[in-house]
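Step one of this worksheet: look at the structure below.
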Amino acid sequence: MSMKDPSHRVISLTRKREERDRTSSKTPPKIRGSNTRVIAITSGKGGVGKTSIVGNLGFGFTKLGKKVLILDADLGLGNLDVLLGLAPKYNLSHVISGKKKIDEILVEGPGKMKILPASSGIQELTHLTKDQKIMILKQLDPLIDSVDVLFIDTAAGISSNVMDFNATAQEVVVVVSPEPTSITDAYALMKVLSLRYSGKSCKLIVNMVSRPEEGREVFRQLQLVTDRFLDISVEYMGYILFDGKVTKGVKCQKIVSELYPDTPASRCFTDISRKIYHLSPLNLPKGNSNLFWRHLV
């Protein structure tokens with residue numbers, strides 16, 4: 001009884017492998033799943049009206065016909081839901097604990113914005129581990145394919161939580177007020193973003209100014225020191241006039257753009273929304289993600 005030559009089988013398997021490799025080499029690389037913009041709104045100092053700005057910019061983008069998702073990334077002291085008059089049953093603490101998936105905690109805000117609410121009063125969430133941050137971002141990435149823009153409302157300061165969410169975004173918008181302490185803290189945030197996270201650019205909004213010239217002066221002061229000491233460019237997005245109607249809106253748990261659309265602050269929000277809308281992000285992630293992962297993985 002004659003035996004088959006075993007080399008015959010080896011040659012056949014080798015040919016099949018070569019054909020498979022040639023086929024895979026012709027497969028185009030996977031591209032980004034969507035053109036979603038990811039914009040982090042952040043501040044060096046608390047109390048500068050950052051969350052109000054996030055809510056009003058999000059509402060402004062809905063008026064431009066865009067689908068908006070807002071992530072409240074102030075994980076220990078989240079209050080975006082309070083500002084918008086929402087009462088979510090679940091929040092990001094339930095996602096981090098594994099009790100819920102991120103798409104299960106979504107709630108709808110004004111203008112049909114989608115909101116991912118944070119928790120309040122849970123100290124452990126102010127210091128997430130690297131694995132916890134990666135878990136949130138992995139669940140978030142496919143979710144944002146269905147929207148045009150994701151706004152990330154970070155906490156104030158320069159903690160790792162804040163800076164990691166800033167570094168994840170395609171664009172970073174720093175909110176500052178005319179107070180000297182706010183200006184100093186905004187510079188500190190830009191310094192960390194530049195030196196520790198390789199940030200090359202950010203945008204600036206000056207809130208609660210008494211007149212337009214005051215906003216431009218704050219920008220001039222910050223630009224002067226960043227140009228001299230940091231390798232980061234700062235682009236001025238505009239100012240928000242101090243307006244008592246903003247406070248009235250907060251008390252009513254309504255954003256001022258919705259409640260008083262013709263008040264001076266609302267017109268400022270409209271102008272800034274349009275300005276950001278018409279700008280393109282300077283850099284985009286490669287591959288199939290809408291987010292930057294390099295600093296975490």
Side-chain angles (χ1 to χ4, degrees), residues 38-58 70-83 91-93 96 116-134 136-137 140 150-208 218-219 221-223 225-226 229-232 234-235 237 240 250 291-292 295-296:
V38 182
I39 305 173
I41 311 291
T42 191
S43 66
K45 182 180 181 295
V48 297
K50 172 180 53 61
T51 297
S52 175
I53 285 176
V54 173
N56 282 282
L57 290 184
I70 301 179
L71 168 65
D72 188 347
D74 191 349
L75 300 179
L77 292 170
N79 57 13
L80 178 63
D81 54 327
V82 177
L83 178 70
N91 55 57
L92 281 170
S93 69
I96 293 166
L116 288 168
S119 60
S120 184
I122 303 179
Q123 190 178 21
E124 305 85 70
L125 297 186
T126 62
H127 302 287
L128 294 184
T129 66
K130 183 178 75 170
D131 289 341
Q132 287 173 325
K133 293 171 188 174
I134 290 174
I136 291 174
L137 295 174
L140 182 63
L150 166 68
F151 286 104
I152 302 176
D153 180 15
T154 78
I158 55 174
S159 70
S160 62
N161 266 10
V162 173
M163 300 311 299
D164 281 335
F165 278 115
N166 282 332
T168 296
Q170 303 161 15
E171 305 165 70
V172 177
V173 178
V174 179
V175 178
V176 64
S177 73
E179 297 176 3
T181 52
S182 176
I183 297 170
T184 301
D185 289 352
Y187 174 76
L189 187 150
M190 294 175 189
K191 181 178 179 180
V192 174
L193 186 67
S194 173
L195 299 182
R196 294 283 302 275
Y197 292 83
S198 303
K200 297 298 182 184
S201 65
C202 66
K203 299 175 173 65
L204 188 76
I205 295 175
V206 186
N207 195 20
M208 298 183 286
V218 170
F219 168 66
Q221 292 177 31
L222 277 167
Q223 188 180 43
V225 290
T226 53
F229 299 109
L230 302 179
D231 183 22
I232 190 170
V234 183
E235 188 173 3
M237 290 293 99
I240 308 295
V250 171
L291 305 167
F292 286 99
H295 67 290
L296 284 175

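Side-chain contact, Asp131 with Thr129: no donor N or O sits under 3.5 Å from an acceptor N or O.
Remark: side-chain polar atoms of Lys50 are paired, donor with acceptor, to backbone N or O of Thr154 under 3.5 angstrom. Looking only at distances, no side-chain donor or acceptor of Ser194 sits under 3.5 Å from a matching main-chain atom of Met190. One N or O on the side chain of Thr184 and one on the backbone of Pro180 form a donor-acceptor pair closer than 3.5 Å.
Using a 4.5 Å cut-off on side-chain heavy atoms (C-beta onward), Leu230 and Leu193 make no contact. Between Leu116 and Leu140, some side-chain heavy-atom pair lies under the 4.5 Å cut-off. Using a 4.5 Å heavy-atom threshold, the side chains of Thr168 and Val38 count as separate. Tyr197 has its side chain out of reach of Asn166: every pair of non-hydrogen atoms, C-beta onward, lies at least 4.5 Å apart.
Separating the NZ atom in Lys133 from the CG atom in Leu75 is a distance of 9.5 Å, to the nearest 0.5 Å. Remark: Leu195 CG to Phe229 CZ distance equals 12.5 Å, nearest 0.5 Å. Atoms OG and OH, on Ser182 and Tyr187 in that order, are 15.5 Å from each other to the nearest 0.5 Å. From Asp164, atom CG reaches atom CG of Leu137 across 8.5 Å, with rounding to the nearest 0.5 Å. Considering CD1 of Ile39 and NZ of Lys203, their distance stands at 7.0 Å, rounded to 0.5 Å.
Put simply, the residue from Thr42, Thr51, Asn79 that forms a side-chain hydrogen bond (donor to acceptor under 3.5 Å, both in side chains) with Asp153 is Thr51. The side chain to side chain contact (heavy atoms under 4.5 Å, CB included) test with Ile41 singles out one residue from Ile205, Ile152, Val54, and that residue is Val54. Among Val48, Val173, Ile53, the single residue meeting the side chain to side chain contact (heavy atoms under 4.5 Å, CB included) criterion with Ser43 is Val48.
Residues Asn207 and Pro178 approach most closely at O-CD, 3.2 Å, considering heavy atoms. Summarising the geometry of Asp72 relative to Leu80, their closest heavy-atom pair is OD2-N, 3.2 Å, with the distance given to 0.1 Å. Considering every non-hydrogen atom in both Ala186 and Leu222, the closest pair reads CB-CD1, 4.3 Å. Nearest heavy atoms, Ile70 versus Gly58: CD1-CA, 4.5 Å. Contact between Ile183 and Gln221 at its shortest, heavy atoms only, is CD1-OE1, 3.8 Å. What you find for Val234 and Phe219 is that their closest heavy atoms are O-CE1, 3.5 Å.
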Self-check item: side-chain hydrogen bond (donor to acceptor under 3.5 Å, both in side chains) evaluation trace for Ser93 with Asn91
Solution: CA-CA 5 Å; Ser93 69; Asn91 55 57; 2.5 Å; yes
